[in-house]
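To keep things clear, I will list the structure first and then write my remarks on it.
It should be emphasised that the depicted structure is a prediction, and the values quoted were computed from it without experimental measurement.
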Amino acid sequence: MVRRFGERLPRLRTRVPGPSSEAVVRRLRAVESPNLVCVAPAPPIVWRQARGANVRDVDGNIYIDLTAGFAVAAAGHSNRRVARAIGAQARRLAHGLGDVHPPEIKLRLLERLSELAPGRLKVTILASAGAEAVEVALKTAWLRTGRPGVLAFTGGYHGLTLGALATTWRREFRDPFRAQLCPGVLFAPYAVPYQAGGADAALATALQETERLLVEAAAAGAPVGAILVEPVQGRGGIVVPAAGFLAGLRSFCDGRELVLIFDEVYTGFGRTGRWFACEHAGVVPDILVVGKALSGALPLSAAVGTREVMEAWPASMGEAIHTSTFLGNPIACAAALAHLEEIERRGLVERARHLGEWLSARLQTWKERHTAVGDVRGLGLMQGVELVEHRGTRRPATEMAARVVQAALGRGVLLLAEGPSANVLAFTPPLVITRLQLEYAVDVVEEEVARAASS
C-alpha cells in the first residue's frame with residue numbers, strides 16, 4: 001500500500017544528518033547568529049518539505065514529526081485548505097492598515113475567536129509572536145489595576161522579548177539580560193505533583209506560597225496586578241498541575257484587583273483534547289493568550305479578554321498605544337480562519353483526546369519496564385516522559401534524553417526534550433498523525449530509551 005506523503009513511515013536515504021543538511025548548516029553559520037542553531041554534538045537536519053505528520057529534509061529523508069513544529073501544525077504541516085486560503089488571500093489583499101483602515105477579514109477572525117473562547121472572553125488584541133501577546137496581556141492588567149507587579153511561576157515559559165522574558169523562569173534565558181528586566185515579577189512554585197511527592201502536597205505548597213507572595217508584595221508597597229500561568233506547562237516539561245491549582249488562582253483574583261492570565265500559546269486549539277487546556281479544570285481567566293496553532297502556519301497570536309478588562313484600554317483618538325505594522329495581517333487571518341475550520345471540520349479536538357488516551361496508556365507502561373522513566377504525564381496529544389538517573393533521587397537524566405532524541409532522529413523520528421533540565425521527552429505530534437505513524441514512532445523511542453538506559 002502506497003501512502004500519501006504526510007501519512008508515511010520513515011524512509012532514510014542517507015545517514016542523519018545527511019551531507020546536504022551539513023552543507024546548508026555550514027553556510028547558515030556564516031550568515032546567522034551562532035546563538036540560534038545548535039550544531040553540537042551533531043548538526044541538525046534541514047527541512048525542505050512537510051505535510052501532515054511527515055517532514056522531508058534536503059537529503060530526501062522522510063521523518064515522522066512528534067513536535068508539530070513546536071505545536072504549530074495542529075491540522076498537519078502544509079494543510080491543503082490552509083495553503084489554499086493563504087494563496088487566495090495573498091492574491092486578494094496581502095497587507096492592510098490594521099489599526100487605521102482595517103481589513104475586513106480581521107473582523108471575521110475576531111468574531112470566530114469570540115465564539116471559541118470560553119466564558120465571557122470576547123474582546124481581542126491580535127499580535128504576531130506569542131511573547132507579544134503575553135506583553136499585551138500584561139499591559140492590559142497594568143491599565144486595569146494600576147498595579148505593576150506580576151506573579152508568575154517556576155518552570156514557566158512565556159517568551160523571550162524583554163517584557164515576556166521577565167516572567168519566564170529559566171535562568172539561562174533571564175540572566176544575560178537581568179539588568180534590563182522589569183523588577184516587579186515574583187515567582188511562586190508551580191503545583192508539580194512529581195516534584196512535590198504528590199498532588200496534595202504540590203497544591204498546598206503552591207497556593208500557600210502564592211498567597212504569601214501576594215500579601216508581602218502588597219505590604220511592601222509593590223502590589224501584584226496580574227497572575228500569569230500556563231494551565232499546562234509546555235517547555236517547562238509537559239507538566240499538568242495538581243487538580244485545584246487553577247481554581248485556587250482564580251479565587252485569589254476574584255473580588256481583588258488582580259487579573260488572571262492564562263498563557264495557552266502552546267496548549268490552545270485542541271492540543272490537550274479540549275479547545276483550551278483551562279477547560280479541563282473548568283476555570284476561565286480574565287485574559288487568554290493564544291498563538292502557535294492559531295494559524296497553523298504563519299506568525300499570529302492573540303490576547304482574548306473579558307469586555308470589562310479589555311475596556312481598560314482607552315478608545316483610539318488617532319494613535320493606538322499598542323499596535324504594530326502587521327496587526328491583523330490579512331494573510332495570517334485567512335490562515336487562522338482556515339486552520340480553525342479544519343480543526344473543527346475534522347474533529348481534531350476529539351481526535352486528540354482519543355488518541356491521547358491511547359498514547360498516555362502506552363507511555364504509562366514504560367514506568368513498569370524502564371527504571372529510567374521517572375514520570376509520565378500529559379493531556380491529549382501533549383504527553384511527556386521524564387527520564388531520571390535514579391528514581392529515588394529523581395536526578396534528571398539530561399544526557400540520556402539527548403542520546404534518545406539523537407538516536408530517534410537517526411531512525412526517522414523527530415522528537416524534542418523539554419523541561420529546565422531537558423530530560424522530558426515530549427510527544428506533541430500534529431493532531432492528524434495516523435495511529436500507525438504514532439505507534440511506529442513510540443516503538444522507536446521506547447527502544448532507544450531502553451538502549452540509552454543500558455549503555
F70, CZ: over 12 other non-hydrogen atoms inside 6.0 angstrom
no

Given 3.5 Å as the limit, does a donor-acceptor pair link the side chain of Y63 with the main chain of L12, or not?
no

Is the backbone N or O of G156 less than 3.5 Å from a side-chain atom of R235, with the two atoms forming a donor-acceptor pair by type?
no

D286: which of R250, K122, R144 passes salt bridge (charged side-chain N to carboxylate O under 4.0 Å, His left out)
R250

Quick check: does any side chain N or O of R29 sit under 3.5 Å from a backbone N or O of V24, one acting as donor and the other as acceptor?
no

Atom pair CD1 (I261) and OG1 (T140), whose distance is rounded to the nearest 0.5 Å
7.5 Å

Please check if atom CZ in R120 has more than 12 non-hydrogen atoms from other residues, nucleotides or ligands closer than 6.0 Å.
no

Looking at E32 and L28, would you say the former's side chain and the latter's main chain have a donor-acceptor pair under 3.5 Å?
no

With no hydrogens and no angle check, is any side-chain donor or acceptor of S301 less than 3.5 Å from a backbone partner on S128?
yes

For the pair E357 and R353, evaluate salt bridge (Lys or Arg N to Asp or Glu O under 4.0 Å) and give the outcome as yes or no after the intermediate values.
CA-CA 6 Å; E357 288 172 353; R353 182 172 69 83; 3.3 Å; yes

On a heavy-atom basis, the closest approach of A42 and Q406 is CB-NE2, 3.9 Å

Ring centroid separation Y157 to F173 under 6.0 Å:
yes

Residues R271, E264: salt bridge by 4.0 Å N-O rule
no

Does the N329 side chain pair with the main chain of A94, one donor and one acceptor, at a distance under 3.5 Å?
yes

What residues form a side-chain contact (heavy atoms from CB on, under 4.5 Å) with T325, not counting sequence neighbours?
H95

Between R351 (side chain only) and I433 (backbone N and O only), is there a donor and an acceptor less than 3.5 Å apart?
yes

Donor on one side chain, acceptor on other, H77 and N54, under 3.5 Å
no

Is E7 atom CD crowded by more than 12 heavy atoms from other residues, nucleotides or ligands, each under 6.0 Å away?
yes

Regarding R56 and the six-membered ring of F5, is the cationic atom NZ or CZ under 6.0 Å from the ring centre and inside 45° of its axis?
yes

Locate the shortest heavy-atom distance separating V444 from A408; write the atom from each residue and the value.
CG1-CA, 4.3 Å

With a 4.0 Å cut-off, would you call R274 and E350 a salt bridge?
no

Identify the heavy atoms of W366 and V445 that sit nearest to each other, and give their distance.
CH2-CG1, 3.8 Å

What are the two closest heavy atoms between S21 and D59, and how far apart are they?
N-OD2, 3.0 Å

Side chain of T168, backbone of H158: donor and acceptor closer than 3.5 Å?
yes

Heavy-atom closest pair, residues P430 and A68
N-CB, 3.6 Å

Atom CG in L438, atom CG in L355: separation rounded to 0.5 Å?
5.0 Å

Can E342 and R346 be counted as an ion pair, charged N to O under 4.0 angstrom?
yes

Dump the intermediate steps for salt bridge (Lys or Arg N to Asp or Glu O under 4.0 Å) on R307 and E311, then the final yes or no.
CA-CA 6 Å; R307 193 168 303 279; E311 284 178 350; 5.1 Å; no

E448: which residues meet the side-chain hydrogen bond (donor to acceptor under 3.5 Å, both in side chains) condition with it, sequence neighbours left out?
R411, R451

Ring centroid separation F276 to F262 under 6.0 Å:
no

With a cut-off of 6.0 Å (strictly less than), are more than 12 heavy atoms of other residues, nucleotides or ligands near CZ of R80?
no

Does a side-chain N-to-carboxylate-O contact under 4.0 Å join E104 and R108?
yes

N/O donor-acceptor pair under 3.5 Å between N61 side chain and D57 backbone
no

Could you work out, with side-chain contact (heavy atoms from CB on, under 4.5 Å) as the rule, every residue matching V349, not counting sequence neighbours?
W275, I343

With no hydrogens and no angle check, is any side-chain donor or acceptor of D375 less than 3.5 Å from a backbone partner on E386?
no

Please indicate whether E319 has more than 12 foreign heavy atoms, meaning atoms of other residues, nucleotides or ligands, lying under 6.0 Å from its CD.
no

